[in-house]
Amino acid sequence: MNFRAVLAMLVCKALRLVSRILHRGGTAMPGRIALKIYPELLSLLAKDVRTVAVTGTNGKTTSSRMIEQAFLEQGKSYFANRSGANLISGITTEFVINSSLSGKCRKEYAVIECDEAAARKVFSQLKPQVIVVTNLFRDQLDRYGEIDITMNILEEMMRKVPKMQIIVNGDDALSAYLAMDSGNPYVTYGISKPVIKSAANEIREGRFCKRCGEKLEYRFYHYSQLGDYYCPKCGFARPKPDFDAEDVKVGDQLSFCVEGKHIVANYKGFYNVYNILAAYAAARTAGFYLERFDQVLRKHKTQNGRMELFD
């Protein structure tokens with residue numbers, strides 16, 4: 001650790017403490033100042049930490065918290081940016097707070113949610129061992145631009161970390177293409193049989209094959225562009241999921257089977273099957289057997305604003 005790195009950590013820790021005393025949060029600003037002092041600080045602190053990162057348009061926070069709960073159930077030493085500060089400044093703050101001034105992290109694992117538009121800055125330093133890409137939809141055009149821009153950022157990031165294991169929603173043609181084209185090792189999750197009826201004229205992203213430009217055909221949709229797709233021209237098609245949800249039932253609670261395990265979750269919304277699958281696939285890829293995954297789901301608490309009920 002050189003002097004500037006130690007100074008950056010001292011300033012970050014001090015600003016975080018002051019912010020907490022003043023009840024100002026203190027998630028992004030301390031890291032922002034620390035990176036101005038030592039721009040490669042995150043790279044220095046993350047090098048000895050096994051990191052599972054989660055990105056994508058929808059489901060990042062929910063999937064991240066489920067993964068975090070799985071780590072807790074397995075008795076693993078970990079930390080997470082559960083405050084929702086998912087840009088490089090907030091992520092750097094979390095690493096500083098969980099590290100000594102010698103640069104040694106006190107925890108073995110990190111579960112990091114990352115804004116997809118920030119991936120270029122974050123992953124070039126973070127270099128996670130595992131990354132989950134939940135899905136890719138058009139979102140906040142003022143921040144992201146068209147979806148191709150986000151895809152280009154993620155593609156560039158994947159090529160820079162060639163040993164990183166990628167976990168993707170195989171039912172999303174855009175996410176699956178990124179993984180299959182990256183050259184990185186990857187695993188997929190998905191739902192191989194139709195569960196709900198999707199409107200035939202529903203607006204969809206990624207209508208055209210990213211490999212050859214031909215319009216994709218679908219055997220069925222789940223919703224939006226998620227479903228069983230194939231290209232009639234070049235053969236690009238939905239990969240067979242490594243983690244496949246079977247016998248999916250949607251009602252007052254969700255239930256399905258994966259790898260022979262019967263999963264029951266007290267959540268509403270078909271989309272949450274994908275969030276649960278993402279967390280399950282990440283934890284299994286990390287080497288957990290997940291005999292008590294139902295307990296993980298029961299103990300998981302949703303973030304504010306998600307799945308709330310109002311009279």
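Below, each value reflects all heavy atoms present in this structure, side chains not excepted, and no hydrogens, waters or symmetry copies.
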Looking at E156 and R120, does any basic side-chain N land under 4.0 Å from a carboxylate oxygen?
-> yes
Linking I/L/V/M/F/W/Y whenever any side-chain heavy atoms sit under 4.5 Å apart, do L87 and I33 land together?
-> no
L136 CG to D148 CG distance, which is reported to the nearest 0.5 Å | 10.5 Å
Is it true that K193 and D244 have a side-chain N and a carboxylate O under 4.0 angstrom from each other?
-> no
Hey, what do you get for CD1 (I167) to OG1 (T188), rounding to the nearest 0.5 Å?
-> 10.0 Å
C12 vs T92 side-chain heavy atoms within contact, under 4.5 Å | no
How long is the gap from CG on L126 to CE on M157, to the nearest 0.5 Å?
-> 10.0 Å
Any ion pair linking R238 and D172 (charged N to carboxylate O, less than 4.0 Å)?
-> no
Looking at CZ of F288 and CD of E73, how far apart are the two atoms once the value is rounded to the nearest 0.5 Å?
-> 11.0 Å
Rounding to 0.5 Å, atoms CZ (R65) and OG1 (T62) come to a distance of 9.0 Å
Note: E291-K261 ion pair, threshold 4.0 Å (strictly below) | no
Should the ring pair Y223 and F137 be called parallel, tilted or perpendicular, given that the plane angle runs from 0 to 90° and is split at 30 and 60?
-> parallel
Pairing of R82 and E94 as salt bridge, 4.0 angstrom limit = no
Is a side-chain N or O of Q253 found less than 3.5 angstrom from the main chain of Y267, in a donor-acceptor match?
-> no
